[in-house]
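What follows is one structure encoded as structure tokens, with my remarks underneath.
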2 protein chains.
Amino acid sequence: MKMEVISLKKPNIVILGAGYGGMITASRLTKQLGHNEASITLVNKHDYHYQTTWLHEPAAGTLSPERTRMPINSVLDLNKIKFVKDIVVEIKRDEKKVVLENGELEYDYLVVGLGAEAETFGVPGVFEHAFSKWTVNGAREVKEHIEYMFAKYNNTPEKKDELLTFIVAGAGFTGIEFIGELSHRLPELCARYDVPREKVKMYVIEAAPTALPGFDPELVEYAMNLLESRGVEFKINCPIKEVTESGVLLASGDEIKAETIVWATGVRGSSIIEKSGFEAMRGRIKVDPDLRAPGHEDIFIIGDCALLINEEINRPYPPTAQIAMQMAEVCANNVKALIKNESLKTFKPDIKGTVASLGGKEAIGVVGARKLFGSSANFMKKMIDNRYLFLLGGPGLVLKRGKNPL
Amino acid sequence: MKMEVISLKKPNIVILGAGYGGMITASRLTKQLGHNEASITLVNKHDYHYQTTWLHEPAAGTLSPERTRMPINSVLDLNKIKFVKDIVVEIKRDEKKVVLENGELEYDYLVVGLGAEAETFGVPGVFEHAFSKWTVNGAREVKEHIEYMFAKYNNTPEKKDELLTFIVAGAGFTGIEFIGELSHRLPELCARYDVPREKVKMYVIEAAPTALPGFDPELVEYAMNLLESRGVEFKINCPIKEVTESGVLLASGDEIKAETIVWATGVRGSSIIEKSGFEAMRGRIKVDPDLRAPGHEDIFIIGDCALLINEEINRPYPPTAQIAMQMAEVCANNVKALIKNESLKTFKPDIKGTVASLGGKEAIGVVGARKLFGSSANFMKKMIDNRYLFLLGGPGLVLKRGKNPL
């Protein structure tokens, strides 16, 4: 009698976050588990999913923000998965439930794909005076702020230089891709607002001794030369001490005045991780090989909240969409395996390549052992963007939302 | 011998300002005077002319600002008229010359069409905290500011209401036409930035006892009802005491917090008029019947700097594009008449009608003795806009830059 009751109760799978990891996990689980095998719930702050790796484009105004997001119900079959639009407050591990702003959810299996937050490295003033949100809302704000500064310039009698000074903090992937878009768009912005090109200043400020650390030096040089030819000034090896209302203070003591500071020095995992009492480093949990949180049989951590060491170089893998999606495939399989009493898979990332767009038809990248420059790298970048759409929603989604690589 | 020298010297005609008055004067003079009869110079701050009466549209973001301006050399034949891009500093009447920021110009005949400036009626804080420039630069700034406020809203944790509060000071023509466009555009703005419609507040604040003073009460009621149905709140009979960084202080002692305050309480003439020692009321010179400044045989004043009394009601005619253009026709004729020793014409305005657009297909107006509402008023408004282009540049300009009235 007791056995029957247990078998009648479908396990509750709760997925937190509809980013790359959460969406692919949700999509795979709805296919791998029948309606009577489990009840699956996806929780997300918005009713849309967005592609974080595309956001440098709407932030610079070179792509409509609508192109970077899609309604969750346009991709997932809501007959097979329950969607809850709410904000996660805390995971109560002992009680096996998730506290939301407007309710609670009980889980048997939990998938945490809560994504990343800006890392300030303790620099004061970032949240107050810089744009640090790589979200749809954040990208729209940066774009509209930039255009407002251009529009404002000709209306200030003293024509303040800081209105046309744009600082990107961080020469990593995001910072470089953003300044690539902005510098590419600059001639159009200058023409549209009657602003002389030479009045605009663009800085990329990086504390590390190189731009794009970890990237092939030849590619880094290509990228920097290209961006410099568009007027970008690099300040490498140049830590920022403080962000103020009027600009940035450098460790050297110098100040650069600017009304627009875009923060892109890297990310940390979600603060919900620490708030929920997990052992973590900067919001990232060092996961077991099967992607579960150590000591938790029922909790999987994927994406930017999962810390995974690349043993070849004894350093963590970077938090990328590519790895989040690969984790999601293994995570979905392992959740299914637990429910069906199968054996769990071990996660092993398979880095196919990395491409950074530089605006227009320009990009740099590594695919396999090959270095790519210019239009061939740009082609790869668009193929990567399309491949993601394919993995998420099949050929239909590529046709509907994909990028023309030519 | 002496006679010959005088006849060899072509008179210098200098036109200040490329607004409605200056452009039509320039266009007419190049047709009425041959190359050897006079040398004509037009001075303007920008190398483009813009249609002030259209600016509420780009300011609200319902029309590209490019549609409201045109390069001066695309309308005037620069083989027949010299164009100087510069800013007028002062008119030195005794020396018959005009001081520019970057030079000086001597004139034999001067046409002053320097246009209007915002009238604050002594309310403090307008220039510091409100948008008061009805220019291409000013309209772009308002538009980008509004969009920035929408984009910012979802990124502020406390979701500040003042980001979505829009105050228009003044329920005259400009204020009503602007809020008409903005309220019409609101659903699109809310959708684009994921902002709930009910969070947006729009106020029109007017010190006078009615909106659109001087307009037919039935039409005023139609306009107010329509705008109220779109969420606009009118505060009539409600003087503003001060504009502050955080909003407006009313004479009643109340405060309305808002990040966007658009100032449209009316205009005064150019401050160059007073600076140059003309006798004037708020930058407007009460002109002689032939449009010359009293006591000056060689200076014509047209457009917003000219004050003309409507004897029927013993009040000044309002500063409108319609009157500026009619003045320009008479002015051009009279300048030619002075040069050719003909008799001068007297200016008599012929008010054909007035139409105020209310956004979308809505408008109100009076044409002759007929009141117009809705789409028929909207049709008239577009015909008026097109008629101006016809007067300025013939059918070609209407085809190229005109508005589809249907």
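Here is the naming used below: chain letters follow the sequence lines, and residue numbers restart at 1 for every chain.
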With a 4.5 angstrom heavy-atom cut-off, which part of A:Phe131 approaches chain B: side chain, backbone, both or neither? side chain

Any chance NZ of A:Lys159 has more than 12 other-residue heavy atoms, nucleotides or ligands included, within less than 6.0 Å? yes

Under 3.5 Å: donor-acceptor pair, side chain of A:Asn155, backbone of B:Asn137: yes

Report which part of A:Lys152 has an atom under 4.5 Å of a heavy atom belonging to chain B: side chain, backbone, both, or neither. both

Chain B contacts, top residue of A:Met149, A:Glu66, A:Lys133, A:Glu141 (heavy-atom pairs, under 4.5 Å): A:Glu141

Counting neighbours of CD on B:Glu245 that are heavy atoms of other residues, nucleotides or ligands and sit closer than 6.0 Å, is the number greater than 12? no

Among A:Phe150, A:Tyr148, A:Tyr153, who wins on heavy-atom pairs under 4.5 Å with chain B? A:Tyr148

Chain A neighbours within residues 179-194 of chain B, where any heavy atom lies under 4.5 Å away: B:Ala191, B:Arg192, B:Tyr193, B:Asp194

Spatial distance of atom CD1 (A:Ile146) from atom CD (B:Glu144) [nearest 0.5 Å]: 11.0 Å

